[in-house]
There are 2 protein chains.
Amino acid sequence: MFGAVATPFEVLAEPTRRRILDLLRERPRSVGELTDELGLTQPGTSKHLRVLRDAGLVRVRPDAQRRWYELCPEPLAELDAWLAPYRWMWAGRLDLLEQHLNTMPNGSDSSAARDNPSDHPEPGQPDGRKTEDR
Amino acid sequence: MFGAVATPFEVLAEPTRRRILDLLRERPRSVGELTDELGLTQPGTSKHLRVLRDAGLVRVRPDAQRRWYELCPEPLAELDAWLAPYRWMWAGRLDLLEQHLNTMPNGSDSSAARDNPSDHPEPGQPDGRKTEDR
DNA sequence: GCCGAACATACCAAGTCAGTAATATGTCAG
DNA sequence: CTGACATATTACTGACTTGGTATGTTCGGC
């Protein structure tokens, strides 16, 4: 049943859905375009898009009979929030993280993401995981 | 079949497994302890631990007939790596990013950075199907 | 050696999900 | 209006996952 909204964790468990997001990260795409890239049938693609839409991870912009899907990354913040308390632990392989930080599209103040002010006494570690059920 | 190793994404899609990791983040625990906290049966707990162990997310330290499970956060780096290119996007919640940066213990000036400047994420996981067709 | 504790595995029933095919809706062109 | 195209929805099947009960297996104590 798709009526129940799923958490980003469950939604992203599917490699196909991660690929869709990766494709949409570059530019918005139509369903046919995505279908072609994914090698799926058109209904299969639409179903994945439906799940992503219900989870708030993509947004649709209709243009005539074409639907342009674009990324909507806000729900990923929940994933990031869950991951946050663990992040300091694998400091040994920080290179991996760094490497992908470098893949970020340039511009914008990526320096803000780069700098690492450990002197920042930020109290609010909400640690809030929703811990809901399926 | 549990023989196939799953990606951290699939493993963490289960709320119970995330809870196990959250519990192990505080301190190592025995199976009975986890069973009690999770409200599951002992075999149920063992099965989840098996999945987590296969994914490399936990490690076992046997002590007589007791098994102490402890967190093994390295595979979470894959999740983090996938997430990284998206992180700059939800600039509205930059506070979250900043907050997690603050959880890092110290500078760790990221000396080793780019030995694999790949365009795509998925460092450890082939982006194709995980197993066969359906 | 025997018994109980702690944990793992095997097996089973139920729910869920991915993929495909068939069909419906809606829009543009003529 | 009609036909072609783009997408959504539904129905169905097969595979996988989850949680439970029952049954090993290993270890320590007696």
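Each chain gets a letter, A, B and so on, in the order its sequence line appears, and its residues count up from 1.
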Problem - Short side-chain to backbone donor-acceptor contact, B/R67 and B/V60, under 3.5 Å - result: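 No, B/R67 side chain to B/V60 backbone: no donor-acceptor pair under 3.5 Å.
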Practice task
Would you check if the side chain of A/Y86 reaches a backbone N or O of B/A77 as a donor-acceptor pair within less than 3.5 Å?
Solution key: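 Pair absent, no side-chain N/O of A/Y86 close to backbone of B/A77.
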Starting from [atom2] on [N], measure out to [atom1] on [X] and report it in whole angstrom.
X	N	atom1	atom2	result
A/D54	D/dT9	CG	C1'	13 Å
B/D63	D/dT26	CG	C1'	14 Å
B/E10	C/dC17	CD	P	14 Å
A/R29	D/dA6	CZ	C1'	18 Å
A/L34	D/dA6	CG	P	14 Å
B/L40	D/dT17	CG	P	18 Å
B/E14	D/dT17	CD	C1'	8 Å

Exercise for the section: Compare every heavy atom of B/A55 with every heavy atom of B/P75, then report the nearest pair and how far apart it is. Expected result: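 Smallest heavy-atom distance, with atoms named: CG-O, 3.5 Å.
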Problem - ring pair (Phe, Tyr, Trp, His ring centres under 6.0 Å) partners of residues 18-56 of chain B, not counting sequence neighbours, each pair once - result: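 Sorted result for residues 18-56 of chain B: empty, none.
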Exercise for the section: For each nucleotide in nucleotides 7-14 of chain C, reading 5' to 3', give B when a protein heavy atom comes within less than 4.0 Å of its base, S when such contact involves only the sugar-phosphate, and - otherwise. Expected result: BBB-B---
Exercise for the section: Could you grab the distance from atom CG of B/L76 to atom CG of B/L83, nearest 0.5 Å is fine? Expected result: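 With rounding to 0.5 Å, CG (B/L76) is 11.5 Å from CG (B/L83).
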Can you give me every donor-acceptor pair (side chain of residues 39-46 of chain B, partner residue at least two apart or in another chain, under 3.5 Å) with its distance?
from  : atom 1 : to    : atom 2 : distance (Å)
B/T41 : OG1    : B/G44 : N      : 3.2
B/Q42 : NE2    : B/S46 : OG     : 3.2
B/T45 : OG1    : B/T35 : OG1    : 3.1
B/T45 : OG1    : B/T41 : O      : 3.1

Handout entry: Under 4.0 angstrom between B/T41 side-chain N/O and D/dG19 OP1 or OP2
Key =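 So the side-chain polar atoms of B/T41 never come under 4.0 Å of the phosphate oxygens OP1 or OP2 of D/dG19.
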Exercise for the section: Please determine if a side-chain N or O atom of A/H48 lies less than 4.0 Å away from the OP1 or OP2 oxygen of C/dG19. Expected result: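 Yes, because at least one side-chain N or O of A/H48 sits under 4.0 Å from OP1 or OP2 of C/dG19.
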